[in-house]
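Here the structure is laid out as structure tokens; the discussion comes afterwards.
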Amino acid sequence: MKSIATQLEVLFKQALSQILGDEASSIDPLIRVATDDKFGDYQSNVAMGLGKRLNQKPRDIATRLVEVLNPLAADMCQPFEIAGPGFINIRLKPEWMARQLDAIPAGGPDDRLGMEPAPDPDRVVVDYSCPNIAKQMHVGHLRSTIIGDSIARILAFQGHEVIRQNHIGDWGTQFGMLIAHLKDQCPEALTDPGQVHLEDLEAFYREANKRDKEDPAFAERARAEVVALHSGQSDTRQAWQYIVEESRRHYEPVYRRLGVLLTREDERGESFYADRLERLVNNLAKQYGPGASAGTPPASGLPSITVEESEGALCVFLRTPEGEPIFKGPEGNPLPLIIRKSDGAFLYATTDLAALDFRIHELKADRVLYVTGAPQALHFQMVFATVRALGWTIPEDKNEEVRLEHVAFGSVLGEDRKILKTRAGSNVKLAELLEEAVRRAEALIRASEADPDKRRGFSEEEIQDIAEAVGIGAVKYADLSQNRQSDYVFSFDKMLALEGNTAPYLMYAYARIRSIYRKGATEGVAPGLPSDAQDAHAPAGNLAGGAITLDEPQERTLGKQILQFSEILDAAAENLKINLITDYLYGLAGTFMKFYENCPVLSADTPEKRASRLRLCDLTARTLKIGLGLLGIRVVERM
RNA sequence: GUGCCCGUAGCUCAAUGGAAGAGCAACGGCCUUCUAAGCCGUAGGUUGCAGGUUCGAGUCCUGCCGGGCAUACCA
């Protein structure tokens, strides 16, 4: 089933070609959701633009268009209205919307509300989370993990082939000191790794760091371990493996608690690329180094790339065809992308180039997304520009350029509007932050249970389960409902607030719907809840005919918004703006609440009306569940 | 210095070039009817300033003011 906007576009294009002929094919009908109910449901803004182009009055064009459109769209729309400078206001017929809703198939395990998958799916690499080994995940990893996971879910739902990549920080000079320290402090970890566990990885890291700074003999051994690690010496490799494994024991429970999809199979950390770096750098130096100026000149307009040694470091420089540096440093001097340090070591730019090589040439990605913080924008600009200049983004076996995108996000701030820190000034640990969110959610539920008017009689098990879902959901929703690019202020009180655009509000709307079904089942007037309520939905149709009617204004609005889900998803996926989905879900939940207040379901006037309203409830619940699912947030049956 | 991002109601934030919106806080209503973690109502604006492009600018361009981030060997 096509979205409302798409169907309107088809009609408008037909009408445009009738009055304008062939030149109409390139015209966008500019269908938009109306900004206000008084203007209808949708509007077309095409007439204003055409007025200029055809040198006619926009209102005259709109009039001619509407004359053709009225019969074409008679099934779908009320007669069109022309307003203001030439807006065409579009009002959908309730019977048409009801038929669209009726056509949505019943729910099931892979429910997609009848939405069609993308006709031309891409293979998309999503790089996100990327914890550092031997350090705890802290609040700085929160957004990458949550946003990246949601983007992966959204694109997969749309039918794209998503390849998750967790580029963990499992390589680098810091491993020298960690390994040296491990061999001193915990040698049994090498002989019997399964039986020995570090209690506190963070403390271990700090101790190693301290010794590295204070004890020259230790620092010497640490350097030797770096060499041993790189050359693949077995006991050093084993120690390294042990440290990585200990880190997994920390972050995998965080992933499970957050409900992110990342698994061990998605890990392709820095170590994976380590033995490719030297060859990569040598090849670049050979092709674009000083002796290689005879290479092919860049195609017109493309930047030229050179690889030069500067201040002892090996650097990539990009220049315009006119020779002007594309990236400039403080004094206007060319800014290099350093791919080998003066001490011979490689660094993150090198690894990122190797990773793009792999993702483009071996994973065959059509699109590569990097979900990292906005401060890294310049780095990715340089890496992407380099890769484009190398010609990697136009593989021979594809006709479309590989899309490289930095999905940047703002920082998480404390109430003081500074980067969120603990009172002691250290990073806030993610595990502790989640624990506090759940604990606060639990306190809210217990307070409500202590109130005789609000008490639902939850079991202890239910309280724990609801607190977990609400607490974690609140953290994730608060993050995802922000415009990704701006910084946001972290506040437990706001994200767990009982009102407003929060996870608890949406989850409450869902639970209310489920409550109707439970009550209906006991009274024998609704099909009831399926036994496996988490994964299936009651087949709400086929009751007394089961046809949906949209008579009351609240029914009409609810039905319309359910039908709009697919166009919201398209917009969110296109711009990777997840807050479009949260705004939509919040609006849908609000509309449902109004419907709930005004339109009795179980005690509707007639069995037909009851059946219709039950189906609206079912569709709303499914939309909320799927929508929250795309955010990685689960719903609960009661709260 | 240069580059990127931001500046919208008291506060926190939305708004693919199309007719300025929520939530919180404030004030006033609604629980013998499906969950009041709810609903209804009132109030709140020269979208930082000044120009420009456009039929139309919060949105695009230029300049200024204010803030954040980045800017050669950590990621």
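Every chain is numbered from 1 and lettered A, B, ... according to where its sequence line falls, protein lines coming before strand lines. These numbers come from a predicted model, not from an experiment.
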Taking OP1 and OP2 of B:rC5, is either one under 4.0 Å from a side-chain nitrogen or oxygen of A:N483?
no

Passing candidate, ring-ring contact (aromatic ring centres under 6.0 Å, His included) with A:Y370, options A:F384, A:Y128, A:F409
A:F384

Intra- and inter-strand pairing of RNA chain B, written as dot-bracket with Watson-Crick and G-U pairs under 3.5 Å and | for the latter, reads (((((((..((((....[..)))).(((((.......))))).....(((((..]....))))))))))))....

Base, sugar-phosphate or nothing for A:C315? Non-hydrogen atoms, less than 4.0 Å.
base

Please work out if A:D583 contacts a base, only the sugar-phosphate, or nothing of the nucleic acid, heavy-atom cut-off 4.0 Å.
sugar-phosphate

For the side chain of A:K519, starting at C-beta, report the closest nucleotide among B:rA15, B:rG18, B:rC34.
B:rC34

Interface polar pairs with nucleotides 53-58 of chain B, N/O, under 3.5 angstrom:
from   : atom 1 : to    : atom 2 : distance (Å)
B:rC55 : OP1    : A:K52 : NZ     : 2.4

Side chain A:S310 and base B:rA72 donor-acceptor under 3.5 Å
yes

Using a 4.0 Å heavy-atom cut-off across all strands, classify A:Q43 as base, sugar-phosphate, or nothing.
base

Do A:Y348 and A:F346 have ring centres separated by under 6.0 Å?
no

At under 4.0 Å between heavy atoms, what does A:V601 touch on the DNA or RNA strands: base, sugar-phosphate, or nothing?
base

Could you check whether A:M507 gets within reach of a base, just the sugar-phosphate, or nothing at all, counting any heavy atom under 4.0 Å?
nothing

To the nearest angstrom, the CZ-P distance between A:F592 and B:rG38 comes to 14 Å

Would one find a side-chain N or O of A:S486 under 4.0 angstrom from OP1 or OP2 of B:rA14?
yes

Winner on side-chain proximity to A:Y586, out of B:rA22, B:rC13, B:rC39, is B:rA22

Within the 4.0 Å heavy-atom criterion, would you say A:G169 contacts the bases, only the backbone, or no part of the nucleic acid?
nothing

Return yes if the base of B:rA19 and the side-chain atoms of A:N89 contain a donor-acceptor N/O pair under 3.5 Å, otherwise no.
yes

Look at the side chain of A:M593 and decide which nucleotide, out of B:rG21, B:rA75, B:rG38, has an atom nearest to it.
B:rG38

Side chain of A:Y508 (C-beta onward), nearest among B:rA37, B:rA19, B:rA15:
B:rA37

Establish, with yes or no, whether the OP1 or OP2 oxygen of B:rA37 is under 4.0 angstrom from a side-chain nitrogen or oxygen of A:K454.
yes

Phosphate oxygens OP1/OP2 of B:rC31: is one of them under 4.0 Å from a side-chain N or O of A:Y596?
no

For a quick check of understanding: with a heavy-atom distance under 4.0 Å over all strands, which category does A:A374 fall into, base, sugar-phosphate or nothing?
nothing

Write down the distance between CG (A:L50) and P (B:rG17), rounded to a whole number of angstrom.
19 Å

Tell me what A:A511 touches on the nucleic acid: a base, only sugar-phosphate, or nothing, going by heavy atoms under 4.0 Å.
base

Between A:T35 and B:rA19, does any side-chain N or O lie under 4.0 Å from OP1 or OP2?
yes

On the side chain of A:Y348, is there an atom forming a donor-acceptor pair with the base of B:rA75 - under 3.5 Å, no angle test?
yes

Please classify the nucleic acid contact of A:P600 as base, sugar-phosphate, or nothing, using heavy-atom distances under 4.0 Å.
base

Minimum-distance nucleotide (side-chain atoms of A:E270 versus B:rG38, B:rA75, B:rC11)
B:rA75

Check every atom of B:rA75, B:rG38, B:rA15 against the side chain of A:K577 and return the nucleotide holding the closest atom.
B:rA15

Side-chain N or O of A:N501 versus OP1/OP2 of B:rU12: is the shortest distance under 4.0 Å?
no

At 4.0 Å (heavy atoms only), tell me whether A:N579 reaches a base, stays on the sugar-phosphate, or touches nothing.
sugar-phosphate

A:K421 and A:N427: side-chain donor and acceptor closer than 3.5 Å?
yes

Aromatic ring of A:F87 stacked on base six-ring of B:rG18, 5.5 Å, 30°:
no

Between A:D453 and A:I419, which is nearer to the 5' end of RNA chain B once each is assigned its nearest nucleotide?
A:D453

Result for side-chain hydrogen bond (donor to acceptor under 3.5 Å, both in side chains) between A:T591 and one of A:Q561, A:E555, A:Q554 points to A:Q561

Reckon A:K38 has a side-chain N or O less than 4.0 Å from the OP1 or OP2 of B:rA19?
no

Of the candidates B:rA72, B:rA70, B:rG18, the side chain of A:L335 sits closest to B:rA72

